[in-house]
Amino acid sequence: MYSKPIFLEPEFKDYIWGGQKLKNIYKKNVKNEECTAESWEISTNKNGESTIKNDKYRGKTLTELFNDLALRKEIFGSKCNNLQEFPILIKFIDANNSLSVQVHPDNEYALKNENSQGKTEMWYILDCEPGAQIICGVKPGVDKDTLKKYINSEKISNCLNYIDVKKGDAIYIPSGTIHALLGKTLVAEVQQNSNITYRVYDWGRVGKDGKPRDLHIKKALDVINIENTPQIKNIGNNEIKINIVKSEFFTTNKINVKNEVVENKAGESFIAVNVIEGNGKLEIENNKYKITKGDSFIIPACVKQYKIQGNLELLESYI
Ligand code: ZN
C-alpha cells in the first residue's frame, strides 16, 4: 500500500488578467514573473497537468498515476474505479483584473457538444482588497430575452448580480450560472475536471495578440440558467472542520488546525489538500512531512488515519 502524501507541482497560466500574488504570497515558482493568473494545483486536465514532486512517483504527471489501473483503488479510491478521468481540478487564481463574464455547461451539454465533463465550481476567497466584488447570476427580474438583448454589450452589466466579497467567503457556482471574478481577488477554485468556458462579454478589451478574445454567445445562451441564484457563505476560523460544499461532484471542507487535528477516513476516495495559511507537519504512519502555505498534495485513499500539527488552514476536497 502506498501511504505517503503525493506533493504536486502546478502548471501555470499567464492569462491577461493575472498578477504577481501567486509568486509573492504563495511563493510559487511561476514562469511569468509579471503576470501569472492561475496555478493548476491538482490537475490531470490535458490543458494543464500537475506533476508529482516527491518520492517514487516524482516526475510523473498526476494523469500518469491516475491512469495506472493497478494503483487506482489504493491511491484514488474505489469511487474512482470506473471513472475515465480524475474527477476534480483545483486551482489558485490571482484575479488581479476582471475575468470575462462567462458560463460553463453541465455534463449533458458538455458531453454532447465538447466531449468533456461539464463544470460546476466553487470559489473560496483566500484574500481580496476592500470593495472587492464578484458577479454571480442575474439581477432579480432579468429574463432570458433581456439578457440576450444585452449579452454582447457593456449594458450587460445592468443585468448582472454584483456581490461584495470578503476573505473567507465561499461561493458555489453550479454549471449554467453566469459569473465572473472581478479584480483584486485571490481565490482557490475547486471544480469538475473541465476546461469548457463560454465567454459572453470581455469588457471591450483585447488579448495578448491585440485582438478581442473569442466569445461564445450561442453556446452560452444554450446553457445559461437564469434561475440559478448565488449561494454564498462565510467560512470562519472557529470550528476545526467546516463543510463548504457537499455536491454530487465534490465535497470540500475547511480545516482549521490550532495544535493538532487527527483525521480518520473511510478510504473510498483520495483527499486533495491545499494549505492556504500557516505551516506545520503532516503525519502518516509515524512519518512526518513538512507542509506550508501554498502546498498542494493528495493523501492516498488507502491511508486510514493522518494527523496535521501546527497552526494552519487547509482545504480538503474529495468525492
Ligand atoms: Zn468559471
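All ligand and atom numbering here is 1-based and tracks the order in the structure.
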Donor-acceptor side-chain pairing of K254 and N256 below 3.5 angstrom | yes

Say whether S317 and T252, considering side chains only, have a donor N or O and an acceptor N or O under 3.5 Å apart.
-> yes

Contact list for residues 205-233, test ring pair (Phe, Tyr, Trp, His ring centres under 6.0 Å), sequence neighbours left out = none

May I ask you to check whether E121 brings an N, O or S atom to under 2.8 Å from the Zn ion (ligand 1)?
-> yes

In terms of the angle between their ring planes, are F86 and F66 parallel, tilted or perpendicular, with boundaries placed at 30° and 60°?
-> perpendicular

Restricting H179 to its N/O/S atoms, the closest one to the Zn ion (ligand 1) is NE2

Check H104 and report its N/O/S atom nearest to the Zn ion (ligand 1), by atom name.
-> NE2

